[in-house]
Number of protein chains: 2
Amino acid sequence: MTTRTVPGPRERLLTAAKELTYAQGIGVGVDALLKRANVARRSLYEHFGGKDGLITEVLRVSADEDEAAYRQAMRAAGDDPRGRLLAVFDWLDGVIQEPDFRGCRYLAAELALAPDHPGHAVTRRYRERVHDLLEAELRALDHPRPEPAAEQLLLLIDGALAVGATRPGTHPAAAARLLADQVIGG
Amino acid sequence: MTTRTVPGPRERLLTAAKELTYAQGIGVGVDALLKRANVARRSLYEHFGGKDGLITEVLRVSADEDEAAYRQAMRAAGDDPRGRLLAVFDWLDGVIQEPDFRGCRYLAAELALAPDHPGHAVTRRYRERVHDLLEAELRALDHPRPEPAAEQLLLLIDGALAVGATRPGTHPAAAARLLADQVIGG
DNA sequence: GACCATATAGACCGGTCGATCTACTGGTCA
DNA sequence: TGACCAGTAGATCGACCGGTCTATATGGTC
């Protein structure tokens, strides 16, 4: 059996770290993670080799989930590429409004992790994946300059997440959506 | 004499902390700050009451300097409000290209500081100051909706700084400038 | 020359960090 | 039954954390 009926220590540690590192930042202590996950200290080092390995793995699975969330938001919007792109900003608006929204996990990691931390590679790859997702839709729209336009959309997304993190209660994604509309063109 | 010919411990500590907290994050150790500033341990606690006080003061003087930099970039652009606003993005492009650019200091602080840290008040006030600066120019332009437009410009600035931090070598401020042009209107 | 505020140097405090280690537990399977 | 193994529990390690302390040096003012 590779599937478990109950989450094992590895999975408990991953979800606990995903939650705590987002809520309290990368600097959370190992003890807090172990306590939250109800996992023995040793298991962490068996499964992940250390805190850095755990953080990196958290970023990796989060990136997979978040990319899936982008795809899902676009899939739910139908077949029109323009509507699919705008739907991303509608979805983001909801994300930012969630009471425990704390900004972009990957930007926070980029700013807080040591320059040689293996997590950086994960966050950069995630960023490229989202970029390519956007660019593909723009190409489907026959956008004249899909690559720089995707870059602009990414900038709008980052801006909305940053403003949302620093000014709770506002609707930066709605403001970004208006600009995205112009980027997409028509 | 209130002015010194040579910077005193307080000033040395401030500049050292300004540099190190930006380069290595808020999490730098007190020892590293003291060593960099060539200042006795006790002086830190005499002048700032502790690390939190020093960090807060660093944010305060940085905010003053950065607001002055915004004003200077606009002043150098002349009298036309439209040109003054676009000049902000030209200036930002240069800032982002600097080899030691590491993203927005205030966003990093917002993400890394404990929720009850006094530094938060400083960063929020700084954000409002920039916002008001932009809004004033938009009013001078008789922009129909100066407040939400200022919010959008702020979003573009944050987005450019975020992309600049995560994708060195690109020119996000140039991409943001194109969108800013549309926000400002004609 | 005496005085005092300011700064320096650095030992020292309790606490926490990430990491390693031993000893024990419960279930699996030959 | 007994070997095996992943997981648990927790003591312990050295390093570092922010903060307090004493002792000493310096430089300006009466």
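On a predicted model such as this, the values are computed, not experimentally measured, just so you know. Proteins get letters first, then strands, A, B, ... in listed order; numbering begins at 1 in each. Side-chain atoms are counted along with the backbone in the values below, which use heavy atoms only and exclude waters and symmetry mates.
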Nucleic acid contacts of residues 48-62 of chain A, taken as heavy-atom distances under 4.0 Å to DNA chain C: A:Gly50, A:Lys51
Value in whole Å for how far the P atom of C:dT20 lies from CG of A:Asp31: 15 Å
Minimum heavy-atom distance between A:Ser43 and A:Val39, given as atom pair plus value: CB-CG1, 3.6 Å
Validation row: B:Thr21, B:Arg105 side chains within 4.5 angstrom (heavy atoms): yes
Minimum heavy-atom distance between B:Phe48 and B:Glu57, given as atom pair plus value: CE2-CG, 3.8 Å
Close side-chain approach of B:Val163 to A:Glu151, heavy-atom, < 4.5 Å: yes
Interatomic distance, B:Leu13 CG vs C:dA7 C1' [rounded to whole Å]: 12 Å
Residues, nucleotides or ligands: over 12 heavy atoms within 6.0 Å of B:Arg145 CZ: no
Sugar-phosphate only, base, or nothing, as touched by A:Arg12 at under 4.0 Å among non-hydrogen atoms: sugar-phosphate
A:Ile157 and A:Tyr70, any side-chain heavy atoms less than 4.5 Å apart: yes
Of residues 33-46 of chain B, the positions that come close to DNA chain D - non-hydrogen atoms, cut-off under 4.0 Å: B:Arg41, B:Arg42, B:Tyr45
Rounded interatomic separation in angstrom, taking NE2 from A:His47 and P from C:dT20: 16 Å
Residue pair B:Leu156 / A:Leu179, side-chain heavy-atom distance below 4.5 Å: yes
Pairing of B:Asp66 and B:Arg129 as salt bridge, 4.0 angstrom limit: no
